[in-house]
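A short worksheet on the structure shown next.
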Amino acid sequence: QVQLVESGGGLVQAGDSLRLSCAASGGTFSSYVMGWFRQAAGKEREFVAAIRRSGESTYYIDSVKGRFTISRDNAKNTVYLQMNTLKPEDTAVYYCAARMGPFIRTTGDGYDYWGQGTQVTVSS
């Protein structure tokens with residue numbers, strides 16, 4: 001059983017940056033593809049980014065390409081989401097998720113473990 005704990009959310013202004021962290025415990029972190037999802041109020045959860053087990057490959061939704069960067073430190077059992085040039089439409093609860101297996105998935109049902117989420121609010 002893997003436990004995931006996100007941190008780093010907050011209230012920022014448009015154009016600012018935030019770095020989210022997700023610390024994993026209870027499993028072999030390097031065995032998991034890690035993903036970030038977000039859910040805005042009244043909307044469905046959406047995939048944001050994912051990274052393969054050794055960090056050799058990443059994938060992003062179009063709306064965050066060039067602004068967000070996902071990375072991982074397998075020695076620290078942590079995955080990060082660096083978010084730059086934030087926009088009000090990035091406001092959401094951000095969740096990290098872990099999945100067994102080597103391949104990235106962009107739907108929530110492809111992930112086995114979830115964190116509790118961290119709120120990101122971007123004011124205009």
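Model, not experiment: these values are computed from the prediction. Sequence positions, counted from 1, serve as the residue numbers for this chain.
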| task | Could you tell me the separation between the CD1 atom of Ile70 and the CD atom of Gln82, rounded to the nearest 0.5 Å? | result | 12.0 Å

| Where do Tyr95 and Gly115 come nearest, in terms of heavy atoms and distance? | CD2-O, 3.6 Å

| Do other residues, nucleotides or ligands put more than 12 heavy atoms under 6.0 Å from Glu56 CD? | yes

| task | On the 0 to 90° scale, with breaks at 30° and 60°, tag the Tyr59-Phe47 ring pair as parallel, tilted or perpendicular. | result | tilted

| request: Test Tyr113 against Gln1 for side chain to side chain contact (heavy atoms under 4.5 Å, CB included), laying out the working first. | output: CA-CA 8 Å; Tyr113 303 101; Gln1 187 78 9; 3.8 Å; yes

| task | Kindly compute the distance separating CE (Met34) from OG (Ser71), expressed to the nearest 0.5 Å. | result | 11.5 Å

| message | Count I, L, V, M, F, W, Y as connected when their side-chain heavy atoms are under 4.5 Å apart, and connections chain through other members. Are Val48 and Val12 then in the same cluster? | response | yes

| Separation of Ile51 CD1 from Ile104 CD1 (nearest 0.5 Å) | 7.5 Å

| Could you walk me through whether Lys87 and Asp90 pass the salt bridge (Lys or Arg N to Asp or Glu O under 4.0 Å) check? | CA-CA 5 Å; Lys87 303 176 180 181; Asp90 295 318; over 6 Å; no

| What is the distance from atom OG of Ser30 to atom CG of Asp73, rounded to the nearest 0.5 Å? | 11.5 Å

| query | When rounded to the nearest 0.5 angstrom, what is the spacing between CZ in Arg99 and CG in Asp109? | reply | 9.5 Å

| Which one of Gln39, Arg38, Glu6 satisfies the side-chain hydrogen bond (donor to acceptor under 3.5 Å, both in side chains) criterion with Tyr94? | Arg38

| Over all atoms of both residues, closest heavy-atom pair of Ala92 and Ala40 | CB-N, 3.7 Å

| said: Check whether Asn74 reaches the backbone of Arg53 with its side chain - one donor and one acceptor, N or O, closer than 3.5 Å. | reply: yes

| Between Leu20 and Gly9, what is the shortest heavy-atom contact and its length? | CD2-N, 3.6 Å

| note | Heavy-atom nearest pair, Gly27 first then Val2, reads CA-CG2, 4.1 Å

| Passes side chain to side chain contact (heavy atoms under 4.5 Å, CB included), Asp16 versus Val122? Steps please. | CA-CA 8 Å; Asp16 286 350; Val122 184; over 6 Å; no

| message | Could you check whether Arg72 makes a cation-pi contact with Phe29, meaning its NZ or CZ is under 6.0 Å from the centre of the six-membered ring and within 45° of the ring axis? | response | yes

| said: Tell me whether Lys65 at atom NZ has more than 12 heavy atoms from other residues, nucleotides or ligands lying less than 6.0 Å away. | reply: yes

| message | Quick one, Val33 and Tyr111 - any side-chain contact, counting heavy atoms below 4.5 Å? | response | yes

| request: Report the distance from atom OG1 of Thr58 to atom CZ of Phe68, rounding to the nearest 0.5 Å. | output: 14.0 Å

| task | With the side chain counted from C-beta on, respond yes when Met83 and Trp36 share a heavy-atom pair under 4.5 Å apart, and no when they do not. | result | no

| note | Nearest heavy-atom contact between Arg52 and Pro102 is NE-O, 2.8 Å

| field | Cluster link Val5 to Leu18, ILVMFWY, side chain under 4.5 Å | value | no

| request: Please lay out, stage by stage, how Leu86 and Gln13 fare under the test side chain to side chain contact (heavy atoms under 4.5 Å, CB included). | output: CA-CA 8 Å; Leu86 282 160; Gln13 293 186 334; over 6 Å; no

| query | Shortest non-hydrogen contact from Ala14 to Ser124? | reply | CB-CA, 4.4 Å

